[in-house]
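Working notes for the structure below.
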Amino acid sequence: MKKFYRPLVLALLVGFSVSCSTEDVEPNQSPSVTGTEDATATKDSHLTMGNPSSAGTSYSNYLVSKSQYVMSYNSYRGTPNWVSWHLSSAWVGSTPRQDDFRADTSLPAAFYKVTSSDYTGSGFDRGHNCPSADRTLTVTDNSATFLMSNMIPQAGPNNQQTWAGLENYCRTLINAGNELYIIMGSYGVGGTGSAGYKETIAGGKVTVPNRIWKVIVVLPNGTGDAARVTTSTRVIAVNTPNTTSISSTWGSYRTTVDAIEAATGYNILSNVSSTVQATIESRVDSGPTQ
């Protein structure tokens, strides 16, 4: 009897293993494992990587949260200190550029509301922080990027060539199945536009920044994003002068996150493990630029 049952049991076990679907969870793997490269692109929190300046209610570091991006706004400068946004293919569609530059009336009553005409004749572009082309899924999303609270006085070649090139490159990354966390900011006083060097415009209400920076965290589409940042994660940090005399090649302005933090006093990737930060923030990106 024992000789009869043993082969029968073995046959049943083999048959069961063959019938299991290849989509079943592999041994020792949780059904909720995140970070798969073929994951569907989603819209995620703009502050997943952290609040760089611990923005809150201070008039010089005022937290503004919109569906399309989050910023620290400085009412004394008339510009954001930084703007943070998530970018994946889930944010991109076929909505045309709205070009409806306008004051941000959602800011506190005590704040001066910068208008589009404040930049007229200044020699500087109304330079987006969160770009129009990063928000093309709906008219509402695209229109939100034209609020003047999202703008800085930016030298034309800096805006239209150097930064435009970097923005276009970011969108090639999401088309390749990645999602990005982008933090852009500016600091210092004084830049050179088409009408020469200026420290302020709009009768002193808007400060012209001296430097413009951006930090980009690149991850394959997935979830649990801050926890997925490792020492091998690509992080691109760029810092440019705000001038007309600038190279159109953004890659030549790559730097470290540490250097930007030293210049601004921010903790840009504060939600990432401190041990991981120590590695990725001290490294200059050497990846492709197009």
Side-chain angles (χ1 to χ4, degrees), residues 52-53 59-62 64 69 71-85 101 103-104 111-132 145-170 182-216 236-257 259-266 268:
S53 61
Y59 282 14
S60 63
N61 187 26
Y62 191 83
V64 178
Y69 49 82
M71 71 172 68
S72 162
Y73 190 77
N74 191 324
S75 68
Y76 303 113
R77 291 176 66 96
T79 64
N81 296 309
W82 52 262
V83 179
S84 182
W85 67 99
F101 292 93
D104 188 346
F111 289 14
Y112 174 72
K113 313 299 189 300
V114 179
T115 67
S116 180
S117 62
D118 282 331
Y119 281 59
T120 302
S122 68
F124 293 94
D125 286 1
R126 297 163 295 188
H128 284 71
N129 281 262
C130 179
S132 163
T145 69
F146 288 93
L147 290 168
M148 292 303 294
S149 58
N150 184 44
M151 305 296 161
I152 56 172
Q154 191 169 6
N158 183 299
N159 178 38
Q160 299 167 31
Q161 297 177 22
T162 313
W163 284 104
L166 177 54
E167 292 164 4
N168 288 334
Y169 177 67
C170 285
I182 307 172
I183 308 99
M184 176 176 171
S186 55
Y187 64 90
V189 177
T192 303
S194 61
Y197 177 84
K198 292 184 180 180
E199 296 190 346
T200 64
I201 61 173
K205 296 183 179 70
V206 179
T207 299
V208 178
N210 182 257
R211 305 287 302 191
I212 305 169
W213 58 269
K214 185 174 284 188
V215 171
I216 303 152
I236 305 168
V238 176
N239 193 348
T240 71
N242 188 20
T243 178
T244 55
S245 302
I246 187 171
S247 169
S248 61
T249 306
W250 64 263
S252 61
Y253 296 100
R254 283 181 283 193
T255 183
T256 66
V257 175
I260 295 173
E261 290 182 333
T264 60
Y266 301 153
I268 295 173

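Just so you know, these numbers come straight off a predicted model, no measurement behind them.
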Handout entry: Residues that Asp104 engages under salt bridge (Lys or Arg N to Asp or Glu O under 4.0 Å), provided they are two or more places apart
Key = Lys66
Exercise for the section: State the CG-CE distance between Asp118 and Met151, to the nearest 0.5 angstrom. Expected result: 13.0 Å
Practice task
Keeping the roles fixed (side chain from Thr249, backbone from Gly251), state whether a donor-acceptor pair exists under 3.5 Å.
Solution key: no
Problem - Distance-only polar pair, side chains of Thr240 and Asn158, donor-acceptor under 3.5 Å - result: yes
Problem - Check against side chain to side chain contact (heavy atoms under 4.5 Å, CB included), Ile236 and Trp250 - result: CA-CA 11 Å; Ile236 305 168; Trp250 64 263; 3.8 Å; yes
Practice task
Classify the side-chain pair Ser72/Asn61 by whether it contains a donor and acceptor separated by less than 3.5 Å.
Solution key: yes
Fill in the blank from the handout: Residue pairs passing the side chain to side chain donor-acceptor pair (under 3.5 Å) test with at least one member in residues 190-199, sequence neighbours excluded, are Tyr197-Glu199
Problem - Test side chain to side chain contact (heavy atoms under 4.5 Å, CB included) applied to Thr115 and Met148, step by step - result: CA-CA 6 Å; Thr115 67; Met148 292 303 294; 5.6 Å; no
Handout entry: Euclidean distance, Phe101 CZ relative to His128 NE2, rounded to 0.5 Å
Key = 5.0 Å
Practice task
Tell me, with the steps shown, if Asn150 and Asn129 meet side chain to side chain contact (heavy atoms under 4.5 Å, CB included).
Solution key: CA-CA 6 Å; Asn150 184 44; Asn129 281 262; 3.3 Å; yes
Problem - Note, Phe146 side chain near Arg126 side chain (heavy atom, < 4.5 Å) - result: no
Handout entry: Main-chain N/O of Ser247 paired to Tyr253 side chain as donor or acceptor, under 3.5 Å
Key = yes
Handout entry: Ring-ring centroid check Tyr59 Phe111, cutoff 6.0 Å
Key = yes
Exercise for the section: Check the side chains of Asn81 and Ser53 for a donor-acceptor pair under 3.5 angstrom, ignoring hydrogens and angles. Expected result: no
Exercise for the section: Without swapping roles, check the side chain of Ser117 against the backbone of Thr120 for a donor-acceptor pair under 3.5 Å. Expected result: no
Exercise for the section: Taking Arg211 for its side chain and Gly188 for its backbone only, find out whether a donor-acceptor pair lies under 3.5 Å. Expected result: no
